[in-house]
Structures are given as C-alpha cells and as structure tokens.
Amino acid sequence: TTAVQATCGQIPSVRPFKFLNQEASEIEPGVWLDCWAARYEDGDNKLYFDLIAKQGRLSGDDFELIGKWKEGCLKPDHGSWKTGTPKAYDVWMLAKAELPKCPEEDAVADFLRDWSERTFAAGKEKPYRFGLSRSTTLLHFISGGRYPILDSNVDSAMTRLGSPLDICGYLHCFCPLFSKIASACGVSGTEGLRKLDNALFMYGSEV
C-alpha cells in the first residue's frame with residue numbers, strides 16, 4: 001500500500017455508496033443485491049466460473065477466451081475478433097503469448113499501468129490504449145477474482161461517487177468499496193462476489 005500511495009500521491013476520497021432500487025429509494029443491502037443481480041443476463045456465468053477456477057493455470061487459449069469474453073466476441077467467427085478492430089485483439093494476443101501471472105500486492109499498480117498503456121491499432125485512427133477496464137479484467141482472472149473488474153458501467157457509478165477513473169481510484173476507492181458492499185450484503189466466495197459484480201454492472205448502467 002505504501003508503494004502504491006507514493007506513486008499515487010494524495011489518495012482520492014469517495015462519497016458513501018447508497019443502496020437504491022430503480023425508483024431511487026434506499027433499500028436493504030441484501031434486497032439491493034438480489035434486485036440488481038436478477039437483472040443481469042447470466043448466459044456467460046458458466047464460462048466465467050470455468051476461467052476463474054483456472055487461476056495460476058490459465059493457458060494461452062484461456063487468455064484469448066478472456067479477451068473474447070470481455071470484448072463480446074464469443075460467437076464463433078465473430079467478425080470483430082481480429083487485428084485492426086476496436087476490440088484490442090492485438091493486446092489480448094500479447095497476453096496469450098506472455099501468460100501474465102498475478103503480481104504481488106505492492107506491484108499491482110505497476111501491472112495495471114503496464115497493461116493499461118499498451119496500444120493497438122484500429123483502422124486509420126490513432127492507436128488506442130488497452131485501458132483500465134481491460135487491464136482490471138486481466139488482473140481479475142489471473143488473481144482468481146481477488147481484484148474486481150472496473151467496467152464502463154461501474155466507471156459511471158464511481159464517477160458519480162466522486163472517484164477518479166484511474167489506477168489510484170481503482171486501488172484506493174473502488175476495491176475497498178467493493179469489499180464494504182460485499183460485507184454489507186453478506187456475500188463471500190466466488191459465486192457471491194460474481195453476483196455482486198453482476199449487480200454493480202446493472203446498477204451502474206441504470207441508476
């Protein structure tokens with residue numbers, strides 16, 4: 001933590017999280033979890049759990065599958081799963097070749113910075129960055145789910161809570177907040193945390 005704090009400088013603050021239903025009324029944490037998780041289309045959960053179970057044993061093909069899962073390219077012969085598209089194919093292929101391992105806690109910030117700043121080409125546009133959402137996805141699977149995914153919907157929710165969308169905000173605001181929400185909802189274990197991840201995804205998209 002000290003090493004990360006030194007890199008980040010002042011640790012950002014975040015406003016308290018409110019458990020709201022679709023009508024923006026406060027509800028009990030457990031009710032909130034069930035309400036929002038039920039709205040998630042769970043067709044990809046089996047694949048998710050299969051990949052999480054392979055922590056430390058992920059093959060190159062598994063890393064490509066993680067990329068397809070993240071980019072929404074799971075259908076056979078998906079036309080966008082190739083170089084030159086906005087799906088970060090080239091960087092996912094680097095992960096497939098390099099087989100990254102879960103970093104030690106004091107090296108997580110460096111890991112996220114390294115992968116976030118890798119670039120890929122997409123048509124004639126200037127190179128795109130792999131970005132924090134994708135790099136936290138990579139970290140999530142190689143850590144066996146220990147570190148949560150900061151996807152675009154959760155990004156929106158965290159912005160409304162006042163947290164910057166950067167590595168420091170992820171490590172010092174979102175990760176602790178995720179743990180607090182999990183504790184308040186009474187969830188633990190892979191399945192419980194995945195349910196919370198699904199709930200936050202839907203919550204961030206609608207509230």
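Computed from a predicted model, the values in this text were never measured in an experiment. Index from 1, following the sequence. Keep in mind that the numbers below use all heavy atoms, side chains included, and drop hydrogens, waters and symmetry copies.
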Would you give the length of the straight line joining atom [atom1] of [X] to atom [atom2] of [Y], rounded to the nearest 0.5 angstrom?
{"X": "K54", "Y": "I66", "atom1": "NZ", "atom2": "CD1", "answer": "9.5 Å"}
{"X": "Y48", "Y": "I149", "atom1": "OH", "atom2": "CD1", "answer": "6.0 Å"}
{"X": "F130", "Y": "L112", "atom1": "CZ", "atom2": "CG", "answer": "11.0 Å"}

I'd like to know if [X] and [Y] make a salt bridge, using a cut-off of under 4.0 Å between side-chain N and carboxylate O.
{"X": "R118", "Y": "E98", "value": "yes"}
{"X": "D34", "Y": "K195", "value": "yes"}
{"X": "D50", "Y": "K46", "value": "yes"}

Polar contact flag, side-chain donor to acceptor under 3.5 angstrom, W81-E64
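There is such a pair (donor and acceptor under 3.5 Å, judged by atom type) between the side chains of W81 and E64.
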Between the side chains of D151 and S133, is a donor N or O closer than 3.5 angstrom to an acceptor N or O?
no
Decide yes or no for F63 and L138: does some side-chain heavy atom of the first lie under 4.5 Å from some side-chain heavy atom of the second?
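With C-beta onward as the side chain, the pair touches.
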With a 4.5 Å cut-off on side-chain heavy atoms, are L139 and F111 touching?
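In short, these two side chains touch, coming nearer than 4.5 Å.
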Whether F19 and F17 hold their rings parallel, tilted or perpendicular, with breakpoints at 30° and 60°
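Aromatic pair F19/F17 classed perpendicular.
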Pair F201-W36, ring pair (Phe, Tyr, Trp, His ring centres under 6.0 Å): steps then yes or no
CA-CA 9 Å; F201 180 88; W36 289 102; over 10 Å; no
For atom NZ of K101, is the number of surrounding heavy atoms from other residues, nucleotides or ligands below 6.0 Å larger than 12?
yes
So among H140, E191, R194, which one has a side-chain contact (heavy atoms from CB on, under 4.5 Å) with I52?
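The side-chain contact (heavy atoms from CB on, under 4.5 Å) with I52 is passed solely by H140 among H140, E191, R194.
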So, applying side-chain contact (heavy atoms from CB on, under 4.5 Å) with V108, which one of I167, L171, T136 is it?
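With V108 as partner, I167, L171, T136 yield a single side-chain contact (heavy atoms from CB on, under 4.5 Å), made by L171.
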Hey, does the side chain of S135 reach the backbone of L132 with a donor-acceptor pair shorter than 3.5 angstrom?
yes
